[in-house]
2 protein chains.
Amino acid sequence: MKQVTHSGIREAIRKRIIAGEWALGELMPGEAEFAQEYGCARTTVNRALRTLAEDGMIERKRKGGTRVRPLPLPPAQLRIPILREQVESRGSTYRHRVTNRIVRRTPAEIRERLQIPETTRTLYLETLHLADDRPFAFERRWINLDAVPQAEHAELTEYSANEWLVRTVPFSRGEVSLSATKAGSDLASALATHDGAAVFTLDRTTWLEGQAVTAVTFYYAEGFELKFSI
Amino acid sequence: MKQVTHSGIREAIRKRIIAGEWALGELMPGEAEFAQEYGCARTTVNRALRTLAEDGMIERKRKGGTRVRPLPLPPAQLRIPILREQVESRGSTYRHRVTNRIVRRTPAEIRERLQIPETTRTLYLETLHLADDRPFAFERRWINLDAVPQAEHAELTEYSANEWLVRTVPFSRGEVSLSATKAGSDLASALATHDGAAVFTLDRTTWLEGQAVTAVTFYYAEGFELKFSI
DNA sequence: TCTGTGATTATGTATGCACATATTCTGCTA
DNA sequence: TAGCAGAATATGTGCATACATAATCACAGA
């Protein structure tokens with residue numbers, strides 16, 4: 001009846017929590033108790049409960065015991081795919097075009113986002129991402145040339161700066177901000193839409209081992225939706 | 001020098017991956033090899049590598065071995081806080097006002113989203129969420145009364161429908177869609193902004209054990225940003 | 001009543017071992 | 001050469017045990 005695998009026990013306990021066997025915030029049985037009930041080692045229960053805690057379903061404290069989360073976290077696992085995948089998953093053909101590329105003075109706002117001094121050189125890039133040759137997203141990007149010097153002379157024809165960085169500086173971390181922007185005339189013409197269009201906007205600042213790598217803003221064409229499961 | 005804890009080993013290996021010791025997609029040493037190198041049990045290495053795999057940094061296959069992810073996943077952990085927390089974390093006072101509440105025919109679009117027949121009764125709610133008495137977000141919600149019959153007569157004064165559902169039907173799952181909407185005149189007046197404003201929009205459809213619970217759309221006031229770390 | 005200290009206890013983790021499971025690899029056979 | 005069966009192997013998992021660690025609790029002393 002009851003599985004004696006950690007995943008089986010995890011799902012059994014998950015069902016019991018959802019069924020309301022313990023109220024929000026209420027203390028649950030301890031590992032030893034569950035182990036006896038399910039007829040398995042405490043180690044196995046430990047793993048089941050640890051996983052549920054990682055999922056945000058329960059809280060655990062040494063000596064304090066295990067309890068159902070008082071206010072369950074809305075757990076959303078959002079993975080923002082790289083643009084090529086966003087386009088190709090819609091069945092469209094992806095292409096990109098670098099419309100501007102220059103090493104120039106970094107605007108103060110970007111210097112602050114990247115926390116770099118005025119002397120640091122950055123590469124500024126504007127890229128238009130196309131789905132079936134229609135504008136899909138417009139990208140403004142600054143790359144810290146101290147962190148990624150080889151970007152200055154990188155070929156960005158086969159791969160966009162987006163993909164090039166993912167391959168060159170993988171596993172970087174950072175901050176993302178999502179918002180809605182009212183298109184000005186320059187943005188509207190880049191995205192081939194009208195002035196005042198509501199544009200879904202994604203800002204990302206990326207770090208690797210404490211050093212700023214890049215700051216980027218994506219402006220998505222009208223009708224774009226970022227979908228994910230929770 | 002090197003920790004013999006799973007987290008110590010995990011971080012050591014993470015650093016080696018980031019340093020580029022193995023190329024993207026390249027085969028890494030096996031568990032037994034790492035265990036010998038770090039002088040610990042294979043179980044410990046197993047947990048370290050398992051965690052790295054959950055983080056999306058490596059891929060593992062039985063007999064196939066462990067390799068660095070060929071194309072690293074952009075790992076974004078987004079937890080959408082409930083509105084009260086979004087407001088209060090900005091240091092503002094949260095209040096809400098139910099501006100409309102009616103059991104009526106469910107629009108076909110919503111029936112499709114919830115996959116419910118025409119006969120199913122739903123509760124329609126409009127709620128205005130305020131930060132320091134200024135509009136922060138406007139919410140349109142349909143609640144499946146088959147799934148949550150007690151919603152029909154629930155007091156929604158202390159807690160908004162948002163929070164009431166989180167407490168009543170915790171741990172539900174679903175789909176989220178983020179987009180940008182151009183405000184029409186009714187939405188603009190609800191949010192006390194101007195016609196044509198760019199409005200950040202969040203759609204969510206929620207399920208519990210295969211049954212549709214609620215469909216909701218949040219329209220956030222101008223200037224709103226949804227921030228998170230990756 | 002307040003305070004601090006030590007005992008208590010639930011979870012956290014490392015280990016050695018055994019066995020399960022999914023792939024890949026090898027070599028036999030047609 | 002193609003196809004298939006079985007061997008080999010890396011990861012996956014369960015268990016018993018021991019000890020670590022962090023909270024909490026109880027109690028003594030001021």
Side-chain angles (χ1 to χ4, degrees), chain A residues 1-17 21-73, chain B residues 1-17 21-73:
Chain A
M1 156 197 178
K2 275 154 186 167
Q3 297 287 335
V4 290
T5 65
H6 67 89
S7 62
I9 292 172
R10 164 167 45 80
E11 291 313 312
I13 296 179
R14 187 201 299 280
K15 278 198 174 59
R16 292 169 69 176
I17 293 173
E21 183 164 337
W22 306 282
L24 297 187
E26 186 181 338
L27 198 64
M28 298 168 59
E31 297 185 347
E33 219 165 322
F34 275 128
Q36 194 174 10
E37 178 181 348
Y38 288 104
C40 66
R42 186 173 74 89
T43 325
T44 308
V45 173
N46 178 280
R47 178 148 178 202
L49 293 179
R50 176 160 36 87
T51 312
L52 284 175
E54 283 163 6
D55 287 355
M57 209 152 181
I58 59 180
E59 282 179 341
R60 322 194 68 203
K61 262 202 308 216
R62 278 171 180 163
K63 164 79 181 175
T66 302
R67 49 187 72 229
V68 182
R69 273 207 100 89
L71 251 189
L73 294 176
Chain B
M1 157 194 175
K2 275 152 186 167
Q3 298 287 336
V4 290
T5 64
H6 67 90
S7 61
I9 291 172
R10 164 167 44 81
E11 290 313 311
I13 295 179
R14 188 202 298 281
K15 276 198 175 58
R16 292 168 69 178
I17 293 173
E21 184 165 336
W22 306 281
L24 297 187
E26 187 181 337
L27 198 65
M28 298 168 60
E31 296 185 349
E33 220 166 319
F34 274 127
Q36 194 172 10
E37 179 182 348
Y38 288 105
C40 65
R42 184 173 76 87
T43 323
T44 309
V45 174
N46 178 280
R47 176 147 179 205
L49 292 179
R50 175 159 37 87
T51 313
L52 284 175
E54 283 163 6
D55 287 355
M57 208 151 182
I58 61 179
E59 282 178 341
R60 323 194 68 204
K61 262 204 307 218
R62 278 170 178 163
K63 163 80 179 177
T66 302
R67 50 188 71 229
V68 182
R69 273 205 100 91
L71 252 191
L73 295 175

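Chain letters run A, B, ... following the sequence lines, proteins first, then strands; residues in each count from 1.
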Treating primed atoms plus P, OP1 and OP2 as sugar-phosphate and everything else as base, which nucleotides of nucleotides 3-13 of chain C get B, S or - for protein heavy atoms under 4.0 Å?
-----BBBBBB
Value for CE (A:Met57) from CG (A:Leu49), rounded to nearest 0.5 Å, stands at 11.5 Å
Rounded interatomic separation in angstrom, taking CZ from B:Phe34 and P from D:dT11:
9 Å
Give the rounded distance in Å between these two atoms: CD of B:Glu54 and P of D:dG12.
10 Å
Determine, step by step, whether B:Arg16 and B:Trp22 satisfy the side-chain contact (heavy atoms from CB on, under 4.5 Å) criterion, reporting the C-alpha distance in whole Å, the side-chain angles of both residues, the deciding distance to 0.1 Å, and the verdict.
CA-CA 8 Å; B:Arg16 292 168 69 178; B:Trp22 306 281; 3.6 Å; yes
Quick one: B:Glu59 CD to C:dA22 P, roughly how many Å, whole number?
18 Å
Output side-chain donor-acceptor pairs under 3.5 Å for residues 61-71 of chain A, partner residues at least two apart or in another chain, one line each.
{"residue": "A:Thr66", "atom": "OG1", "partner": "A:Arg60", "partner atom": "NE", "Å": "3.2"}
{"residue": "A:Thr66", "atom": "OG1", "partner": "A:Arg60", "partner atom": "NH2", "Å": "3.3"}
{"residue": "A:Arg67", "atom": "NH1", "partner": "A:Gly25", "partner atom": "O", "Å": "2.9"}

What's the separation between atom CD1 in B:Ile9 and atom CZ in B:Arg47, rounded to the nearest 0.5 Å?
11.5 Å
Those residues that, when tested against B:Glu11, pass side chain to side chain donor-acceptor pair (under 3.5 Å) (two or more places apart)
B:Arg14
